[in-house]
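A short write-up of the structure that comes next.
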Amino acid sequence: MPDTELTSSATPPAPVTWPAGIKAAACLTFDIDAESAVLTADRSSIDRMSPMSHQSYGPLVGVPRILGLLERHGVRATFFVPGYTAHRYPSVVRAIAEAGHEIAHHSYFHENTIGMDVKTEAAMLDLGLKALWDVAGVRPAGYRAPMWEMNYHTPALLAERGFQYDSSLMDSDHPYPLSVDGGQVLAEVPVSWGLDDWEQYAFLPGLIGPGVIESPLKALEMWTLELQALHRLGAVFTLCCHPFLTGRPSRAEALSTLIERMKALPGLWITTVGEVAAHTMSLGLPPRSCPQPRLPSDAYWVTAKERTP
Ligand SMILES: [Zn+2]
């Protein structure tokens with residue numbers, strides 16, 4: 001007999017319908033991690049001038065370059081900003097908002113949320129909200145977890161705080177309504193590791209990344225193939241870039257070429273994650289869940305400790 005306790009109640013994601021004339025959507029997103037992504041992994045790096053300068057390149061050089069590029073192309077993007085970045089580079093974050101882009105929540109200190117308890121995660125969310133409000137007068141609609149690490153209790157914390165969407169999960173090509181414990185619903189605009197520049201470019205010995213520096217042509221090829229395939233599916237292309245990585249000159253030029261290719265695709269809606277989330281929620285689709293797996297209680301490899309919920 002199959003163990004029905006183990007059966008996932010998740011339903012496969014369904015395609016969404018888009019506004020008239022639209023075939024698929026594309027979101028350019030920029031995570032302004034700056035120093036926080038390194039400091040959270042190794043706080044002693046605060047004394048290392050060179051790695052800190054590598055991270056500050058993002059807000060100081062990458063963001064202005066990317067803002068210019070987006071303006072030339074006439075497209076809006078979503079910037080996910082840790083509260084610590086807002087406090088450290090307030091004029092940069094205000095410039096992003098003043099240019100008409102969406103600012104969304106990306107933790108306070110790019111904290112490692114794996115195993116983080118509810119109370120600590122709630123405090124982190126509130127600190128990040130306060131920072132974005134104090135610095136830029138922004139109450140964000142959206143959230144992206146640091147390193148895309150959601151806990152099963154995170155969606156309820158987001159819903160309690162009035163967030164409308166998350167963009168950290170990976171179980172769909174299409175955006176969808178995510179059911180939250182307590183009967184609330186968030187929009188989920190999914191991500192995928194293949195559409196993240198970290199895996200292509202992150203190199204900072206001993207601190208971040210797999211230690212590779214790929215050619216921007218390779219990244220452009222990968223992202224173009226995924227863009228074209230998602231466009232054919234009528235899905236959403238969500239690219240995640242970090243200004244300290246993609247803000248470098250030849251990488252920014254590759255991103256510009258990608259945007260030209262996006263603009264050439266018929267019926268591709270290039271917009272913010274917030275717009276895609278709001279559209280998704282307007283469709284009245286049945287919410288999906290992302291149920292936590294359970295361990296078989298009688299398997300020889302499950303320890304007594306793991307059997308206790
Ligand atoms: Zn990040």
Side-chain angles (χ1 to χ4, degrees), residues 27-43 45-46 51-52 54-63 66-67 77-89 92-93 96 101-116 120-121 124-125 127-129 131-132 135-136 138 140-151 154 157-158 163 165-170 188-204 207-211 219 223 238-248 251-252 255 272-274:
C27 301
L28 296 169
T29 74
F30 299 93
D31 294 4
I32 318 295
D33 298 349
E35 292 94 338
S36 66
V38 168
L39 288 174
T40 202
D42 180 354
R43 221 152 319 150
S45 65
I46 203 162
M52 290 298 103
H54 178 269
Q55 297 307 108
S56 65
Y57 182 92
L60 296 177
V61 183
V63 170
I66 287 163
L67 287 178
T78 300
F79 289 74
F80 290 89
V81 183
Y84 183 76
T85 298
H87 280 152
R88 191 157 159 77
Y89 301 99
V92 174
V93 175
I96 294 167
H101 300 290
E102 179 187 14
I103 290 186
H105 195 300
H106 191 42
S107 77
Y108 183 77
F109 201 61
H110 217 272
E111 291 87 346
N112 178 357
T113 53
I114 299 172
M116 187 182 270
T120 308
E121 192 159 343
M124 173 203 87
L125 288 170
L127 265 183
L129 283 172
L132 295 182
V135 167
V138 168
Y143 174 73
R144 174 173 285 162
M147 294 306 288
W148 303 350
E149 280 287 352
M150 292 273 274
N151 289 306
T154 311
L157 293 176
L158 297 176
F163 283 93
Y165 75 85
D166 167 71
S167 182
S168 316
L169 299 178
M170 294 171 257
E188 176 60 37
V189 181
V191 287
S192 65
W193 289 119
L195 295 179
D196 187 319
D197 66 349
W198 195 284
E199 291 65 36
Q200 307 308 317
Y201 302 140
F203 179 81
L204 195 50
L207 286 169
I208 59 170
W223 297 342
T238 311
L239 185 70
C240 175
C241 291
H242 299 78
F244 69 86
L245 299 171
T246 286
R248 298 273 168 185
R251 299 169 184 172
L255 178 64
T272 62
V273 186

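Counting begins at 1 with the first residue of the sequence. Since the structure is predicted, the reported quantities are computational estimates derived from the model, not experimental observations. Counting convention: from 1, in listed order, for ligands and their atoms alike.
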Worksheet item: Which distance, rounded to the nearest 0.5 Å, do you find between the CD1 of Ile32 and the CZ of Phe244?
Response: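 Here the rounded value is 10.0 Å.
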
Fill in: Which atom of His110 approaches the Zn ion (ligand 1) most closely (N/O/S)
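In His110, the N, O or S atom with the shortest distance to the Zn ion (ligand 1) is NE2.
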
Discussion item. Looking at every non-hydrogen atom in both residues, tell me the closest pair between Ala77 and Phe30 and how far apart they are.
Written reply: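 The answer is CB-CE1, 3.7 Å.
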
Discussion item. So, 2.8 Å as the limit: is an N/O/S atom of Asp31 located closer than that to the Zn ion (ligand 1)?
Written reply: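 Checking the Zn ion (ligand 1) against Asp31, no N, O or S atom falls under 2.8 Å.
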
Worksheet item: Got a sec: is His242 within less than 2.8 Å of the Zn ion (ligand 1) via an N/O/S atom?
Response: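 Here the distance criterion (N, O or S atom, under 2.8 Å) is not met by His242, so no.
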
Item to complete: State whether Asp166 and Arg144 are salt-bridged, where the test is any N-O pair (Lys NZ or Arg NE/NH1/NH2 against Asp/Glu carboxylate O) under 4.0 Å.
Response: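 No, this pair does not count.
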
Worksheet item: Do Thr238 side-chain atoms and Cys27 backbone N/O form a donor-acceptor pair below 3.5 Å?
Response: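 Here the side-chain-to-backbone pair does not exist.
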
Worksheet item: Given atoms OD1 of Asp33 and NE2 of His106, what angle do they subtend at the Zn ion (ligand 1), to the nearest 10 degrees?
Response: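 Taking the Zn ion (ligand 1) as the apex, I get 90° for this pair.
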
